[in-house]
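Hydrogens, waters and symmetry mates are skipped; everything else that's a heavy atom, side chains included, is used.
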2 protein chains.
Amino acid sequence: MSHQSPDAIGPDGAGYLPGLALDAVIFGFHENQLRILLLEYRNTGLFALPGGFIREHEDLNAAARRMLAERTGLSDIYLEQFYVFGDQARYDPEPMRSIMRANGLTPTDNHWLLRRFVSVGYYALVDFTKAVPRPDALSDSCDWYDLNRLPALMQDHQAIVQKALETLRINLDRKLVEWAASLLPDTFTMAELQSLYETILNEKLHRSGFQRKMLSLGVLERIDKKYTGGAHKAPYVYRFVAG
Amino acid sequence: MSHQSPDAIGPDGAGYLPGLALDAVIFGFHENQLRILLLEYRNTGLFALPGGFIREHEDLNAAARRMLAERTGLSDIYLEQFYVFGDQARYDPEPMRSIMRANGLTPTDNHWLLRRFVSVGYYALVDFTKAVPRPDALSDSCDWYDLNRLPALMQDHQAIVQKALETLRINLDRKLVEWAASLLPDTFTMAELQSLYETILNEKLHRSGFQRKMLSLGVLERIDKKYTGGAHKAPYVYRFVAG
DNA sequence: TTCTATTGTAACATTTTGTTACAATAATAA
DNA sequence: TTATTATTGTAACAAAATGTTACAATAGAA
């Protein structure tokens, strides 16, 4: 689970559902790499997934949307639950204690933030070019990190990222159009689309077959040509159209 | 969410995680039909999915296993999370109040069982011939109901069943072997396996192609013939072998 | 012995996927 | 202007997977 401003929440967690949190793996795609948003906590060097809590009169999914909007500035985000992390062993209070101390707080032993949390994992897909990452009240930075070069993460957040990635791979074929529309800019080349596919699957695909398959889906509209400045034929630029 | 003996739990829910529950859609396969386990509450005519709560020092998935063992007598069950139901609107305290009254309890207005719950949905797959359904402390019966002829269910339990079914359909191809091994008896005919497949997908498949595909998976071992008494060729009986 | 329903599998057609090949072309260099 | 280069779009063919039809093999009943 993760964290918001304690003064916004109150010292006893009043107004929020107790023991329940959510963590989000927010994916973006840039320079042919999958990246995720991470928070770095003040004075601690600890990295964590963006997370949040659920208000007493708020739907669970609405809480996730609210938190995502706070972290990215985007209100219309593709997001989905993928797993609930509910092992009791996952909650080690020590990192949270450090973070609170680093923020000038002196947590009591049974401070609500230090108790056990069950956390609902969400993954979100955002257009890298549109998101404006914003740190939360306890963190210095909120930034993109290449999935292949993540820093060490708090608690079980590494496992959460891994599970999110597995979920992406399993569902890619079924969800491709929705996902690509969320992760890519409005227009893109076939090579960019293929690169996204390859990055998620972590394997190379045959160019010819990929193009044939994508075009046969009937969801791509060819717009015009893109002159990249490279010494070669200019690729077409596509956009998704409602199927 | 669902319910256990209130005296086993205590009137204030002490010893259990607050606000968090789990509901299970327990599937069995019998006479070419998918069935699920439902509880019928004493003196109320209300039907509900088996559910439970999480002990303070218990892993979430362990709580699900404990509850499934209590309801079916089986300890080694295939089960998986599929969704968290966290809308605030889902929790209507009225049915629960009826159930408590029908059990001779006089619930206070803010009794913990009447407050909002977020519930983790699990589906489980069991061998119909091995499960021994047992009611919980508040219910009269725990029994199998044909998926096509379910009684009216409490709260949003109908939607939970629907979502579980969708999850089955989406994942059938990927999980077939695990699932069939859980749902079917140790040995079965090709027709039975096909019937299971058809029932989950809710569509007819071609017999020839189905047989070819199943055999090509290399996970079926042909045991011997089954003389059913029917006036026709006797089918082979198969069993799954580790791939 | 004939008949019926069902099974196991072969045979063929169709579709999808994998692979190779090649012409088209945008910039660059000669 | 004319090669040269890297990349693109698509055709062409091969291989594999899937859809469909057909038929011989039976276990029992008539």
Protein-nucleotide distance (R212(B), atom CZ; dA17(D), atom P), rounded to Å = 10 Å

Return each pair, listed once, that meets salt bridge (charged side-chain N to carboxylate O under 4.0 Å, His left out) where at least one residue sits in residues 25-41 of chain B; pairs must be two or more places apart or across chains.
-> E31(B)-R35(B)

Who pairs with F128(B) by ring pair (Phe, Tyr, Trp, His ring centres under 6.0 Å), at least two apart in sequence or on another chain?
-> H30(B), W144(B)

Centroid-centroid under 6.0 Å between F240(B) and F188(B) rings | yes

Under a 4.0 Å heavy-atom cutoff, the residues of residues 200-209 of chain A touching DNA chain D are R207(A), S208(A)

T228(A): partners by side chain to side chain donor-acceptor pair (under 3.5 Å), with sequence neighbours left out = none

Could you pick out which residue, M190(A) or A231(A), lies toward the 5' side of DNA chain D when each is mapped onto its nearest nucleotide?
-> A231(A)

Hey, where on DNA chain C does chain B first and last touch, going 5' to 3'? Cut-off is any atom under 4.0 Å from a heavy atom.
-> dT4(C) to dA11(C)

Here the salt bridge (charged side-chain N to carboxylate O under 4.0 Å, His left out) pairs for residues 224-237 of chain A, sequence neighbours left out, are E192(A)-K226(A)

Could you check whether K225(B) gets within reach of a base, just the sugar-phosphate, or nothing at all, counting any heavy atom under 4.0 Å?
-> sugar-phosphate

For residues 207-221 of chain B, pull every pair meeting side chain to side chain donor-acceptor pair (under 3.5 Å), keeping only residues two or more places apart or in separate chains.
-> E221(B)-R239(B)

Applying salt bridge (charged side-chain N to carboxylate O under 4.0 Å, His left out), which residue pairs with at least one partner in residues 72-83 of chain A are found, sequence neighbours left out?
-> E80(A)-K175(A)

In residues 232-239 of chain A, what residues come within less than 4.0 Å of DNA chain C, judged by heavy atoms?
-> H232(A), K233(A), A234(A)

Sequence neighbours left out, what passes side chain to side chain donor-acceptor pair (under 3.5 Å) with D87(A)? Give chain and number order.
-> none

Sequence neighbours left out, what passes side chain to side chain contact (heavy atoms under 4.5 Å, CB included) with Q81(A)? Give chain and number order.
-> L60(A), N61(A), V120(A), Y122(A), Y83(B), V84(B)

Taking side chain to side chain donor-acceptor pair (under 3.5 Å) as the test, write out the residues that go with R169(B), two or more places apart.
-> none

